Participant: 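The structure follows.
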Amino acid sequence: MKEGGTLKGTCAATEEEVGLGCTGKYCCCAPKDACAPHGHCADGRGSCRTKCQIWEKQQGGCGHHCKCCVPIDNGAIEMEECVKAGGSIKEKCSSIEKEVGPGCSKGHCCCALLDG
């Protein structure tokens, strides 16, 4: 889910395996990104994608339908702290989650499921 995937029996031709991929009866599948990596995206600091992640800011330089996604300042540090605390980055925490790690700042939250 952290990588935008859904559980299915098999991935379609327009999807790729993400997360743990295919294990047992299930596969974690996400749509393939139509944007190819672009060497001039933020001088190599960014990635070309159709949609930027919550911890990234959008810049130009990837063509008509693609966005140059560059990590927000300190975004990588906050992500690392969030994962260490057992959370994932989201726009806001759901009713069955709590803020952990760095919590919520700069338009994104670190959320983890409530215990028991």
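Source: prediction; values computed, not measured.
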Participant: Quick check: closest heavy atoms across L114 and K98, and the distance to 0.1 Å?
Facilitator: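 Closest approach of L114 to K98: CD2-CB, 3.6 Å.
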Participant: Between G87 and C110, which heavy-atom pair has the shortest distance, and what is it?
Facilitator: CA-SG, 4.1 Å
Participant: Could you check if a side-chain atom of V70 sits within less than 4.5 angstrom of a side-chain atom of E56, using non-hydrogen atoms only?
Facilitator: no
Participant: Looking at C11 and C29, are the sulfur gammas closer than 2.5 Å to each other?
Facilitator: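 Yes - the two cysteines, C29 and C11, have SG atoms within less than 2.5 Å of each other.
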Participant: Rounded to the nearest 0.5 Å, what's the gap from CG on L113 to SG on C93? Could you check?
Facilitator: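 Nearest 0.5 Å value for the CG-SG distance: 10.0 Å.
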Participant: Measure the spacing between SG of C27 and CD of E17 and express it to the nearest 0.5 Å.
Facilitator: 5.5 Å
Participant: SG/C104 to CD/E99 distance, rounded to the nearest 0.5 angstrom?
Facilitator: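 Those atoms lie 3.5 Å apart.
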Participant: Report yes if the side chains of K90 and E97 come closer than 4.5 Å at any heavy-atom pair, otherwise no.
Facilitator: yes
Participant: SG to SG, are C41 and C69 under 2.5 angstrom apart?
Facilitator: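 Cystine link not detected, SG atoms outside the 2.5 Å cut.
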Participant: Nearest 0.5 Å, what's the OG1-NZ distance between T10 and K25?
Facilitator: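 Between T10 OG1 and K25 NZ, I get 14.0 Å after rounding to 0.5 Å.
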Participant: Between SG of C52 and CD of Q58, what distance do you get to the nearest 0.5 Å?
Facilitator: 5.0 Å
Participant: So, taking the atom named SG in C22 and the one named NZ in K8, what distance separates them when rounded to the nearest 0.5 Å?
Facilitator: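 If we round to the nearest 0.5 Å, C22:SG and K8:NZ are 11.0 Å apart.
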Participant: Looking at every non-hydrogen atom in both residues, tell me the closest pair between K92 and C111 and how far apart they are.
Facilitator: C-SG, 3.9 Å
